[in-house]
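The shown structure was predicted, so the numbers you read here are calculated from the model rather than taken from an experiment. Atom set for the values below is all heavy atoms of this structure, side chains included, hydrogens, waters and symmetry mates excluded. Per chain, numbering begins at 1; letters A, B, ... match sequence-line order.
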Protein chains: 2
Amino acid sequence: MNEKQHTTLDSYIHQYQLEDLFPASFRQHMKVSPFEKGETLFTAGDQLEELYFLVEGKIKIFTLTPEGKSLINRFKRPLALIGDVEYVKGSPVLNSVEAVTEGVMISAPFSHLSDLEKEHPSFIRFLLDTVAHKFYTESHTTSMHMLYPVEVRLASYLLSISSVGEGTVFHQEMRTSNLIELAEWIGTSYRHLNRVLKKMAADHVVERTNGSVTIKDLEKLRTLAKGNIYE
Amino acid sequence: MNEKQHTTLDSYIHQYQLEDLFPASFRQHMKVSPFEKGETLFTAGDQLEELYFLVEGKIKIFTLTPEGKSLINRFKRPLALIGDVEYVKGSPVLNSVEAVTEGVMISAPFSHLSDLEKEHPSFIRFLLDTVAHKFYTESHTTSMHMLYPVEVRLASYLLSISSVGEGTVFHQEMRTSNLIELAEWIGTSYRHLNRVLKKMAADHVVERTNGSVTIKDLEKLRTLAKGNIYE
DNA sequence: AGCACGTTAGGACATATGTCCTTTCGAAAC
DNA sequence: GTTTCGAAAGGACATATGTCCTAACGTGCT
């Protein structure tokens, strides 16, 4: 590892307060890997050899069926772990991962992590916290996806991205880069998403202008979401 | 704790090889709790105080919506943990739990588990393994539920309960106690399940006699399942 | 301007799935 | 044997969602 990389690694570790997790002696095993927008980072079925930390950029985790359908499981921003479950279970990659923006990951080989576990049990606790949280949110969204129609899910999504300060409504745009992606995230077809959006627009819940969607009536949205919200 | 309970607790711990996890000194904090068939064990939103181990019987984990719909997340048989994620995250119970049969759970208070963590780090590793596995299966079934129609899910289910010895097909009955429960498990309405079953029967994939379903053509079933299988 | 391309928007139709209701059926109770 | 009751089976209809296709639109490029 060259000097530049070393410096970068340390600064990321400092930035995210990972000093306790990775003692200085361990960092020699770690790597810094930048990635480009749109790049395929991992493919379902891959056998991982390292645990990755997303420290910059945005990625999406998704499932692809043999028939070509895709379902976005979640988006991730720093600080996020990739490969934690795979490390623990020793199983192949469950979902594919793609870069939504450019970014950076730092990584540590599985082979050295088992040593780290022994010397720093806090690392196991860290993994446990991470995986438990993943399970919690996954379980929550699953129930929602299974039990409510697209309209409710869309309303929940819109609520979750509208940062509502006390009473003041900031009309926000969607965070997904486009409607196709949003459809994959909500778990429906683009066509159907469009249909539901049109209905919401007709009911003055949202407004569509120039391909962007703006929230008009937060209260109606809350009613539609039936108390559900993403994450 | 009386003598009887003590003996019972020890025998369960022995049976499931939990000796290393719970040193003798810790066992005084543990309880044995039998439960009846149909009993509601936990309700979503409860605040848990103990970690439970299912050591006998069968339970189901499910979600209830305010509208009364229910979705079965999974069935569990010994040895299974309940409350692991809640313990780690300190959050209220995510899903309701009901006893399918009578059974027994043993439990340990959260308050003492943090001590156990310090003295026996292997306990954390045990939790991590458990939660990682839960996440893995949850994620798998989620994708399947979102991406495939009921017919595929039903075929997968039937495959997963048909223990197929080399070439020999054991025509098995379903493990869910009835079709209503099966519908909740697959994530559809009873009516629709019935419809799909009828179609499968018409195609000679299964046979329905006296309310029980028998697998007739394993190969066709495999084709229908498209390589998916539960768990 | 004119073209290329990805995104947005929506019509027409097919399919998947849900809701409500009625009938049948078999086991258990009387 | 008759009654009772929950589960099985399915008809009729409504709704949710998917598929295929076409058109409009905006942005960047030539």
N/O-N/O pairs, protein side and nucleotides 23-27 of chain C side, under 3.5 Å:
none

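Under the side-chain contact (heavy atoms from CB on, under 4.5 Å) criterion, Pro109(B) pairs with His29(B), Glu50(B), Ser111(B), His112(B), not counting sequence neighbours. Taking the side-chain hydrogen bond (donor to acceptor under 3.5 Å, both in side chains) definition, one finds that Thr130(A) meets it with nothing, sequence neighbours left out. Partners of Glu56(A) according to the salt bridge (Lys or Arg N to Asp or Glu O under 4.0 Å) rule, which considers only residues two or more places apart in sequence or in another chain, do not exist here. Residues meeting the ring pair (Phe, Tyr, Trp, His ring centres under 6.0 Å) test with Phe42(B), sequence neighbours left out: Tyr52(B). Applying the side-chain hydrogen bond (donor to acceptor under 3.5 Å, both in side chains) criterion to Arg191(B), with sequence neighbours excluded, gives no partner residue.
Between the NZ atom of Lys198(A) and the P atom of dA12(C) there is a distance of 11 Å, given to the nearest Å. Rounded to whole Å, the distance from CG on Asn178(A) to P on dC5(C) is 18 Å. The interatomic distance linking Glu184(B) (CD) with dA7(D) (P) rounds to 11 Å, in whole Å. Atom CD in Glu181(A) sits roughly 14 Å away from atom C1' in dG6(C) (whole-Å rounding). Distance, Leu154(B) CG to dA16(C) P: 14 Å, rounded to whole Å.
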Considering only distance and modelled atom types, tabulate donor-acceptor pairs under 3.5 Å from the side chains of residues 96-103 of chain B, sequence neighbours left out.
{"from": "Ser96(B)", "atom 1": "OG", "to": "Ala44(B)", "atom 2": "N", "distance (Å)": "3.1"}
{"from": "Thr101(B)", "atom 1": "OG1", "to": "Lys58(B)", "atom 2": "N", "distance (Å)": "2.9"}

With a 3.5 Å cut-off and sequence neighbours excluded, list the donor-acceptor pairs that the side chains of residues 139-151 of chain B form with protein atoms.
{"from": "Thr141(B)", "atom 1": "OG1", "to": "Thr137(B)", "atom 2": "O", "distance (Å)": "3.2"}
{"from": "Thr141(B)", "atom 1": "OG1", "to": "Glu138(B)", "atom 2": "O", "distance (Å)": "3.1"}
{"from": "Thr142(B)", "atom 1": "OG1", "to": "Thr142(A)", "atom 2": "OG1", "distance (Å)": "2.8"}
{"from": "Thr142(B)", "atom 1": "OG1", "to": "Glu138(B)", "atom 2": "O", "distance (Å)": "2.8"}
{"from": "Ser143(B)", "atom 1": "OG", "to": "Thr63(A)", "atom 2": "OG1", "distance (Å)": "3.3"}
{"from": "Ser143(B)", "atom 1": "OG", "to": "Ser139(B)", "atom 2": "O", "distance (Å)": "3.1"}
{"from": "His145(B)", "atom 1": "NE2", "to": "Tyr230(B)", "atom 2": "OH", "distance (Å)": "2.9"}
{"from": "Tyr148(B)", "atom 1": "OH", "to": "Glu67(A)", "atom 2": "OE1", "distance (Å)": "3.4"}
{"from": "Glu151(B)", "atom 1": "OE2", "to": "Lys199(B)", "atom 2": "NZ", "distance (Å)": "3.3"}

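When the side-chain nitrogen and oxygen atoms of Asn194(B) are compared with OP1 and OP2 of dA8(D), none of them lie within a distance under 4.0 Å.
Taking the ring centre of Tyr136(A) as origin, the terminal cationic atom of Lys89(B) falls inside the region bounded by 6.0 Å and 45° from the ring axis.
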Practice prompt. Do nucleotides 17-22 of chain D as a string where each nucleotide becomes B, S or -: B if the base has a protein heavy atom under 4.0 Å, S if just the sugar-phosphate does, - if no protein is that close.
Written response: BBBB--
